[in-house]
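To start, the structure itself, in structure tokens.
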Amino acid sequence: IEDAGCELRYNDSIKLVTIDTGINITGGVRLGGNNAANEMDDYEEGTFGAITGSAMSSATITGVYTKVGRKVHIQYKVTSIAVSSTSSGVAFTLPFAVNSSYNDAVGSAMVQYLNTTGYQIVCYGYDSVIRPYKINDDSHWIWVDGSDLNSGGTTTFLFDLTYTAT
């Protein structure tokens, strides 16, 4: 014990150590059983966000995520969008790629000042991007493109998405 801290070792490797802000664990923590299926080996919180594609030249983006194992939850706010192409689809980056083996991800979205009416907006995550889509009464999915954005830069998107990462 040093400075009121302690270490736990296995085969002479440090597995747990107390620090002034909490505990550091090397490897995973197994909850409810001693097998790999019960092991949590990754927890992370952070910020992210960038535009991708050619529909927008710039935007103010605030993205936060929490990752537990391979499950990722994101919240995204996009404002002050500058349109560069009215014919290109709108897309934003994700902090981790979507694992398509577990299906792509659909989440909730809110939008303000979109140049279209009569649609619900959802967010769709696949590969390493999130795209806003318009859905009409006929259940057609239409990718939001630059022509849907307010040219005055006032379009605002709020996304909420949970998905399984690769």
**Message:** I'd like to check the salt bridge (Lys or Arg N to Asp or Glu O under 4.0 Å) partners of R70; sequence neighbours left out, ordered by chain and number.
**Reply:** none
**Complete:** D148 meets the salt bridge (Lys or Arg N to Asp or Glu O under 4.0 Å) criterion, sequence neighbours left out, with K134
Closest approach of [X] and [Y], non-hydrogen atoms and distance?
X	Y	value
A55	G146	CB-N, 4.2 Å
A105	Y163	CB-CB, 3.4 Å
R131	A91	CG-CB, 4.1 Å
G125	V98	C-CG2, 3.8 Å

Between [X] (side chain) and [Y] (backbone), is there a donor-acceptor pair under 3.5 Å?
X	Y	result
R9	D12	yes
T155	Y113	yes
K67	G69	yes
T93	A50	yes

**Message:** Would you say that more than 12 heavy atoms from the other residues, nucleotides or ligands in this model lie under 6.0 Å from the CD of Q120, or not?
**Reply:** no
Distance only, no hydrogens: is a donor on one side chain within 3.5 Å (strictly under) of an acceptor on the other, for [X] and [Y]?
X	Y	value
H73	T162	yes
S147	T86	no
Q75	Y65	no

**Prompt:** With the 4.5 Å side-chain cut-off for hydrophobic clustering, are Y119 and V78 part of the same group?
**Reply:**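 In one cluster with Y119: V78, no.
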Give me the other members of the hydrophobic cluster that [X] sits in, counting Ile, Leu, Val, Met, Phe, Trp and Tyr linked by side-chain heavy atoms under 4.5 Å, directly or via other members.
X	result
M110	L158
L31	L8, L16, I23, I25, V29
Y126	V106, V122, Y124, V129, Y133, I135, W141, W143

**Asked** Just one of D127, V72, I74 clears the side chain to side chain contact (heavy atoms under 4.5 Å, CB included) bar with L94, so which one?
**Response**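 So, applying the side chain to side chain contact (heavy atoms under 4.5 Å, CB included) to L94 and each of D127, V72, I74, only I74 qualifies.
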**Request:** Drop me the distance from T26's OG1 to D41's CG, to the nearest 0.5 angstrom.
**Result:**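 So the gap between those two atoms works out to 12.0 Å.
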**Item:** Stepwise side chain to side chain contact (heavy atoms under 4.5 Å, CB included) test for V144 and I142
**Value:** CA-CA 6 Å; V144 171; I142 305 166; over 6 Å; no
Test item: [X] and [Y] side chains (from C-beta on) under 4.5 Å apart, heavy atoms:
X	Y	result
C123	I130	yes
L149	V90	yes
F157	T79	no
Y76	L161	no
I51	I61	yes

**Message:** Before you tell me yes or no, could you show the steps for K77 and T156 under side chain to side chain donor-acceptor pair (under 3.5 Å), namely the whole-Å CA-CA distance, both residues' side-chain angles and the distance that decides it to 0.1 Å?
**Reply:** CA-CA 7 Å; K77 181 177 183 180; T156 297; over 6 Å; no
**Message:** Is there a side chain to side chain donor-acceptor pair (under 3.5 Å) between S57 and S84? Walk through the geometry before answering.
**Reply:** CA-CA 5 Å; S57 58; S84 58; 4.9 Å; no
**Request:** Just jot down the side chain to side chain donor-acceptor pair (under 3.5 Å) partners of N38, sequence neighbours excluded, or say none.
**Result:**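 Scan of N38 (side chain to side chain donor-acceptor pair (under 3.5 Å), adjacent residues dropped) gives N35.
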**Pair F96 + F48: ring centers closer than 6.0 Å** = no
